[in-house]
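Worksheet: the structure to be examined is printed underneath.
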Amino acid sequence: MRISVSADSLDGVAEKVVAELRRRGHEVVTHGALNPGERDDWAWASEAAARDVGEGRADQAVVCCWTGTGAAIAANKVTGVRAALCGDAYTATGARTWNDANVLALSLRLTSEVVLAEILDAWFTAGPSDDETDLANIAHLSEIPRP
Ligand SMILES: O=C[C@H](O)[C@H](O)[C@H](O)COP(=O)(O)O
């Protein structure tokens, strides 16, 4: 899978995310602090990675900032992106299953290497549900008017 990864700093688990994804056989594209010379503030870095997904240059993205909150908010502004801030494997499984999330947002501060591996295991194992109600919820996302 081609995965775009952004971070607003190299603190915490940022470079581990890239290494772990490559170790799992994914092609990784980097943005923000992971790509020297590119703007690394969280709104810009996360937008760049999310746009890769929204515009078809990547299958999925992982967006990171200190808390993960700003990265998730920015990614969710991009059409076609469903970003989920995940702090544990259960949330990651739910995000893929019930929300068909295509962008994983992570906290650089709170995500240990062990929890990162658990989250990625869950994220790449789970797939979208075919339950009618789940599908209706996903479809409705594109019907909610933007201001
Ligand atoms: O949601 C925002 C993120 O957690 C940022 O990583 C945090 O605000 C730190 O950003 P800065 O280093 O620009 O103050």
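Counting convention: from 1, in listed order, for ligands and their atoms alike. What you are looking at is a predicted structure, and each value in this text was computed from that prediction instead of being measured.
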Next item on the list: Looking only at distances, please establish whether an N/O atom of ligand 1 is found under 3.5 Å from an N/O atom of C65.
Entry: no
Check: Of the backbone atoms (N, CA, C, O) and the side-chain heavy atoms from C-beta on, which set of D8 has a member under 4.0 Å from an atom of ligand 1: side chain, backbone, both, or neither?
Finding: side chain
Note to self: I'd like to know if R51 and E55 make a salt bridge, using a cut-off of under 4.0 Å between side-chain N and carboxylate O.
What the structure shows: yes
Margin query: Using a 4.0 Å cutoff against the non-hydrogen atoms of G70, which atoms of ligand 1 qualify?
Written below: 1 (O), 2 (C)
Check: Looking only at heavy atoms, what is the nearest atom pair of N102 and R82, with distance?
Finding: OD1-N, 2.7 Å
Checklist line | Heteroatom distance test (W66, ligand 1): nitrogen or oxygen, under 3.5 angstrom | finding: yes
Check: Does D41 come within less than 4.0 angstrom of ligand 1, counting non-hydrogen atoms of the residue?
Finding: no
Margin query: Can you tell me which residue among V114, V62, L106 is in a side chain to side chain contact (heavy atoms under 4.5 Å, CB included) with I119?
Written below: L106
Next item on the list: Among D40, D8, D52, find the residue that satisfies the side-chain hydrogen bond (donor to acceptor under 3.5 Å, both in side chains) test when tested with H31.
Entry: D52
Next item on the list: Might you check, step by step, whether the distance between atom 6 (O) of ligand 1 and some protein heavy atom is under 4.0 Å?
Entry: yes
Next item on the list: Apply the test side-chain contact (heavy atoms from CB on, under 4.5 Å) to residues L34 and L10: give CA-CA distance (whole Å), side-chain angles for both, the deciding distance (0.1 Å), then the verdict.
Entry: CA-CA 7 Å; L34 293 164; L10 297 182; 3.7 Å; yes
Margin query: Counting only heavy atoms from other residues, nucleotides and ligands, does the tally under 6.0 Å from CZ of R24 exceed 12?
Written below: yes
Notebook entry, point to check: Is the closest protein non-hydrogen atom to atom 14 (O) of ligand 1 under 4.0 Å?
Noted result: no
Item checked: W42, portion touching ligand 1 at heavy-atom distance under 4.0 Å -> side chain
